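None of these values were measured; they are calculated from a predicted model.
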Amino acid sequence: MMIAAQGSYACGGAVRETDGTFDPHIFLGTAGNTVHGDHAYVRYQRPVDPRKLPIVLWHGGGQFMRTWETTPDDREGFDTILVRRGWEVHLVDQPGRGGAGHRISSEPIDAAAPIDRSLWQIFRLGIYPNFFDNVQFSRAADTLDQFWRQRVSDTGPERPEEIVASVSSAFARTGPAILITHSASGRLGWLSASQNASVRAVVSYEPAGFVFPHGYRLRPIAGYVEGSVPVAAATFIAEDAFARLTRIPIQIVIGDNIPEVPSSYPGLDLWRIAKARAHEFCDQINAHGGDASILCLPDIGMRGNTHFPMSDLNNLEVADQLSIFLAARGLDGRDRDGSE
């Protein structure tokens, strides 16, 4: 793997200055001082002879860029896989996570909450403490330990507008690029793409939250009270902003072991609800002339994928599906017009 360039940068954010005249003779004096924060942190790698469009990888809730790095069972993650395939890759830590932990806020820092067992079903490993029989997740104890250790706390309140603005500013550095989101960054990714013409496509792995144009009436979902499940939450945006999403290819990727009917396990049922909302979102994009599709991995014979398909045991096959989608949309070229 030949690397032409690699590095990191901060993007977006704000600066706060205290009142008064700064006195350099006062150790750590507050008057006149500034603090820089609320930015995103991005690490990038550019291979030799890269494809025209870079890829921006954005983590999900309670995660940071490690989502895309080495897998919990020590295999290559999407970061390296995609670089090997000729893509320039930018990994994002959104404001308040990982390397972007410096927040301009007087609100307290969140503690690390003991919720691993609660996430077992939400992440679709199985029904605690058992794994699903077909799960694409290593059963080794060390793998599970590494998996839980890729969680990270927020260092301040999650303010969507601030996060979208900072991550979206990464595209000023990349230029036109492909955005790949996961889980909680799904909704934020739709908002970013609706505001930023440099986002040329979105691939979202099991997104949590969707956007619809103002005035749209949501379809009822069996067994669901509107607003009770955050991963199916709807955000309503202006018609012109929604229209921008109809001008780019969109793919939503969904894994396995999602119930088809209301389930007594809330951690699993929430993905049934989110899947229904994903179909509704794509229907609306396409009804407005767009190009949105859903890839349900079990439908093409890929069984056992969790909420983290990018790090599952078959992540190379998952990456193959990404390559197929981008090639079919003419987004994987190396020359100036985007073709090979």
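Residues W87 and V83 are not in side-chain contact: their nearest non-hydrogen atoms beyond the backbone lie 4.5 Å or more apart. For the pair I237 and F212, the minimum side-chain heavy-atom distance is 4.5 Å or more. Side-chain contact between P72 and Q150 is present, with heavy atoms from C-beta onward closer than 4.5 Å. Contact of the I252 side chain with the F210 side chain is registered, since non-hydrogen atoms from C-beta on lie closer than 4.5 Å. Using a 4.5 Å heavy-atom threshold, the side chains of E88 and Q6 count as separate. Residues Y41 and S8 form a side-chain contact, since some pair of their non-hydrogen atoms from C-beta on lies under 4.5 Å apart. R187 places none of its side-chain heavy atoms less than 4.5 Å from the side chain of P207. At a threshold of 4.5 Å between non-hydrogen side-chain atoms, the residues P95 and V167 count as touching.
Between the side chain of D312 and the backbone N or O of F137 there is no donor-acceptor pair closer than 3.5 Å. Under a 3.5 Å cut-off, the side chain of W68 and the backbone N or O of H90 do not form any donor-acceptor pair. A donor-acceptor pair under 3.5 Å links the side-chain atoms of S194 to the main chain of L191, judged by distance alone. With T80 contributing its side chain and G77 its backbone, the two residues share no donor-acceptor pair below 3.5 Å. Here the side chain of R200 pairs no donor or acceptor atom with the backbone of L53 at under 3.5 angstrom. Checked by atom type and distance alone, the side chain of S192 pairs as donor or acceptor with a backbone atom of L188 at under 3.5 Å. Between the side chain of D93 and the main chain of G98, no donor-acceptor pair closer than 3.5 Å is present. Side-chain N or O atoms of N315 include one that pairs as donor or acceptor with a backbone N or O of M310 at under 3.5 Å. Between the side chain of N286 and the main chain of C282, a donor-acceptor pair closer than 3.5 Å is present. No donor-acceptor pair under 3.5 Å is formed between the side chain of T70 and the backbone N or O of D74.
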Inset, instruction - Starting from the C-alpha separation in whole Å, work towards a yes-or-no answer on side chain to side chain contact (heavy atoms under 4.5 Å, CB included) for N257 and L268. - result: CA-CA 8 Å; N257 295 307; L268 300 181; 5.9 Å; no
Inset, instruction - With salt bridge (charged side-chain N to carboxylate O under 4.0 Å, His left out) as the test, would you mind laying out the steps for R103 and E162 before giving the verdict? - result: CA-CA 11 Å; R103 303 298 298 275; E162 170 193 290; 2.7 Å; yes
Legend entry - side chain to side chain contact (heavy atoms under 4.5 Å, CB included) assessment of R84 paired with E76: CA-CA 10 Å; R84 286 191 186 280; E76 286 190 336; 2.9 Å; yes
Legend entry - Verdict with supporting geometry, R329 and D291, salt bridge (charged side-chain N to carboxylate O under 4.0 Å, His left out): CA-CA 10 Å; R329 299 308 190 275; D291 174 15; 2.7 Å; yes
Legend entry - ring-ring contact (aromatic ring centres under 6.0 Å, His included) between F308 and F123, intermediate numbers included: CA-CA 7 Å; F308 289 79; F123 290 166; 4.8 Å; yes
Inset, instruction - List the steps, then state whether side chain to side chain contact (heavy atoms under 4.5 Å, CB included) holds for R272 with E260. - result: CA-CA 6 Å; R272 175 189 65 86; E260 295 297 323; over 6 Å; no
Inset, instruction - Let me see the working for M302 and Q321 under side chain to side chain contact (heavy atoms under 4.5 Å, CB included), right down to the final yes or no. - result: CA-CA 11 Å; M302 295 175 62; Q321 293 303 315; 4.1 Å; yes
Inset, instruction - Mind running salt bridge (charged side-chain N to carboxylate O under 4.0 Å, His left out) on D283 and R219 for me, showing each step along the way? - result: CA-CA 11 Å; D283 287 348; R219 301 172 188 165; 2.9 Å; yes
Legend entry - Verdict with supporting geometry, H307 and H182, ring-ring contact (aromatic ring centres under 6.0 Å, His included): CA-CA 9 Å; H307 184 51; H182 172 235; 4.7 Å; yes
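In this view, R85 and D320 satisfy the salt bridge (Lys or Arg N to Asp or Glu O under 4.0 Å) rule, not counting sequence neighbours. For R149, the salt bridge (Lys or Arg N to Asp or Glu O under 4.0 Å) partners at least two apart in sequence or on another chain are D145.
Using a 4.0 Å cut-off between charged side-chain N and carboxylate O, E226 and R277 make a salt bridge. The residues R43 and D79 are annotated as salt-bridged, a charged nitrogen and a carboxylate oxygen being separated by less than 4.0 angstrom. Residues E280 and K275 are not paired through a salt bridge, judged by the lack of any N-O separation under 4.0 Å between the basic side chain and the carboxylate.
Other residues, nucleotides and ligands place no more than 12 heavy atoms under 6.0 Å from the CZ atom of R117. Counting heavy-atom neighbours within 6.0 Å of M2 CE, excluding the residue itself, gives a total of 12 or less.
Annotation: the span from L218 atom CG to Y224 atom OH amounts to 8.0 Å, rounded to 0.5 Å. If you take CG on L245 and CH2 on W190, they are separated by 7.5 Å, rounding to the nearest 0.5 Å.
Think of L313 as one node in a network of Ile, Leu, Val, Met, Phe, Trp and Tyr side chains linked at under 4.5 Å; it has no links at all.
Below 30°, between 30° and 60°, or above 60°: for W120 and W148 the angle between ring planes is between 30° and 60°, a tilted geometry.
Side-chain polar atoms of S204 and T181 form a donor-acceptor pair below 3.5 angstrom. Side-chain contact check for Q94 and W58: at least one donor-acceptor pair (N or O, by modelled atom type) lies under 3.5 Å.
With a 6.0 Å cutoff to the six-membered ring centre and a 45° limit on the axis angle, R124 does not count as a cation-pi contact of F132.
The side-chain contact (heavy atoms from CB on, under 4.5 Å) test with Y205 singles out one residue from V318, I254, T67, and that residue is V318.
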